[in-house]
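All values below were derived from every heavy atom in this structure, side-chain atoms included, with hydrogens, water molecules and symmetry-related copies excluded.
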Amino acid sequence: MHILVTGGAGYVGSATAALFLAAGHRVTVYDSLVKGYRAAVPEGAAFVKGDLADRAALDVLFQTHRFEAVAHFAAYIEAGESMLAPGKYFDNNVACTNNLLDTMMRYSVRQFIFSSSAGVYASKDEPLREEDPVGPANVYGETKLMIERMLGWYHRVAGLRYAALRYFNACGAMLAPDGTPIRGEAHVPETHLIPLTLQVPLGQRDAIQIYGTDYNTPDGTCIRDYVHVEDLASAHVLALEALADGRGAMVYNLGNGRGYSVREVIDVARQVTGVDFPAVEAPRRPGDADRLVASSERIGRELGWEPRFADLKQIIETAWAWHTAHPGGYPRLEPEST
């Protein structure tokens with residue numbers, strides 16, 4: 001199958017593109033490189049530099065490539081920024097996704113895998129199930145929910161078959177069989193807890209900040225479910241197989257089913273790195289929910305997905321291997337189009 005991977009030069013997109021290739025599929029990555037890295041695109045994937053805001057470029061892309069499915073990762077993902085610049089997120093995440101979907105319909109491509117988020121949910125003390133009420137705490141989560149609703153309508157009126165995969169906190173790095181770190185997290189600016197924390201023992205920041213210590217949790221800090229990037233990528237391969245078998249509208253959580261507080265993550269990072277680095281308390285950020293933990297029973301039952309990296313220490317060990325080997329992240333390379 002020939003798969004278009006939008007945002008395939010990013011963290012989860014590049015990991016998924018690699019597993020699509022390993023499963024024997026053809027992959028074309030389409031990425032603006034505003035946030036992604038050409039060096040992250042896996043060997044064997046074709047690469048086209050482009051922006052989903054450019055409808056003419058999308059027409060050319062679909063005219064010159066015969067795609068059978070699309071995996072969509074291209075989005076702005078910083079929840080805090082979304083509360084300061086909502087229009088930026090509605091334009092880039094929602095409007096650009098509609099450009100993509102509209103182009104797909106015109107070229108009769110009707111299999112779609114969407115990188116959604118746990119941010120669509122309201123906070124809850126128990127693990128979240130797909131049927132639980134939605135209630136985004138920030139604009140970023142709202143954009144993901146809006147797109148899921150769009151997918152439902154495209155399914156009903158245009159025959160789109162889709163899987164919306166609600167990630168919890170993506171983390172960790174992909175390692176080669178010999179343990180060499182080959183693909184990891186490198187956002188600019190970095191906003192995710194684990195890489196931010198690891199920058200402290202690397203000497204790249206003085207301390208890790210804890211944003212808010214008065215949440216309704218046992219230690220007062222936010223609780224999140226951390227899921228390894230390779231486990232996320234493997235779920236996309238299973239979703240693609242289900243779409244190819246004729247499955248229609250699918251919505252799945254992707255998480256480990258266990259929550260860790262910010263303080264717990266920092267303590268495990270100290271164990272992994274062997275450095276007793278400092279943490280500094282800071283005020284809450286707008287848009288942070290108290291607790292987001294997944295129940296992933298549905299995708300396990302229906303598609304056979306099961307996380308291989310279920311232990312937080314193991315996940316952080318892979319991230320630490322990546323960041324120590326690539327302290328500057330990916331190199332910025334001049335892209336070529338094929």
Side-chain angles (χ1 to χ4, degrees), residues 1-52 57-58 60-62 64-75 77 100 109 111 113 115 165 167 170-188 190 195 227-241 243-244 308-309 315 317-338:
M1 189 178 296
H2 189 182
I3 308 162
L4 173 64
V5 180
T6 65
Y11 178 41
V12 183
S14 65
T16 303
L19 291 197
F20 282 152
L21 290 166
H25 299 291
R26 291 177 60 205
V27 171
T28 295
V29 166
Y30 188 75
D31 199 296
S32 67
L33 299 182
V34 171
K35 296 290 186 179
Y37 299 87
R38 179 65 181 89
V41 177
E43 185 177 351
F47 175 75
V48 178
K49 184 181 180 184
D51 197 310
L52 294 176
L58 283 174
V60 172
L61 179 69
F62 277 76
T64 55
H65 297 77
R66 191 173 183 84
F67 300 118
E68 296 159 270
V70 174
H72 179 42
F73 300 89
I77 63 171
L100 175 62
V109 181
Q111 297 184 92
I113 304 174
S115 169
L165 304 181
Y167 308 169
C171 52
M174 293 181 72
L175 309 182
D178 64 359
T180 302
I182 54 175
R183 188 162 285 107
E185 199 164 2
H187 300 114
V188 179
E190 186 57 73
V227 57
H228 194 275
V229 64
E230 190 167 339
D231 287 328
L232 290 178
S234 70
H236 291 73
V237 176
L238 293 172
L240 182 69
E241 293 171 355
L243 290 173
R308 290 179 52 238
F309 299 85
I315 290 171
E317 285 172 344
T318 68
W320 181 236
W322 160 260
H323 288 289
T324 53
H326 304 86
Y330 291 104
R332 283 286 185 185
L333 302 177
E334 188 67 25
E336 73 274 7
S337 294
T338 55

request  = Take the angle between the ring planes of Y167 and H236 and call it parallel below 30°, perpendicular above 60°, tilted in between.
outcome  = perpendicular
key: Short side-chain to backbone donor-acceptor contact, Q111 and L240, under 3.5 Å   = no
Residue pair V29 / A45: nearest heavy atoms and the distance that separates them = CG2-CB, 4.2 Å
ask   = Counting only N and O atoms by type, is there a donor-acceptor contact under 3.5 Å from the side chain of H228 to the main-chain atoms of A173?
value = yes
ask   = Can any side-chain N or O of S14 pair as donor or acceptor with the backbone N or O of V41 at less than 3.5 Å?
value = no
request  = Ignoring hydrogens and angles, tell me if any N or O in the side chain of R308 forms a donor-acceptor pair with the backbone of D231 under 3.5 Å.
outcome  = no
Contact summary for H326 and P181, nearest pair of heavy atoms = CE1-O, 3.5 Å
request  = To the nearest 0.5 angstrom, please state how far the CD atom of E241 sits from the CE atom of M1.
outcome  = 9.0 Å
key: Atom pair OG1/CD1 of T16 and I113 - distance to nearest 0.5 Å   = 8.5 Å
ask   = Relative to each other, are the rings of Y37 and Y330 parallel, tilted or perpendicular (30° and 60° limits)?
value = tilted
message = Within this structure, what is the OG1-NE2 distance for the pair T318 and H323, rounded to the nearest 0.5 Å?
response = 9.0 Å
query = Roughly how far, to the nearest 0.5 Å, is the CG atom of D51 from the CG atom of D31?
reply = 9.5 Å
ask   = How long is the gap from CZ on F67 to CD1 on I3, to the nearest 0.5 Å?
value = 10.5 Å
task = Given side-chain contact (heavy atoms from CB on, under 4.5 Å), test E68 with R66 step by step and report yes or no.
result = CA-CA 7 Å; E68 296 159 270; R66 191 173 183 84; 5.8 Å; no
inquiry  = Ring centres under 6.0 Å, that's the criterion: do Y30 and H65 meet it?
reply    = no
task = Under the side-chain contact (heavy atoms from CB on, under 4.5 Å) rule, what do L61 and L4 come out as? Steps first, then yes or no, please.
result = CA-CA 10 Å; L61 179 69; L4 173 64; 3.9 Å; yes
note = Here the pair of heavy atoms bringing V229 nearest to A15 is CG2-CB, 3.8 Å
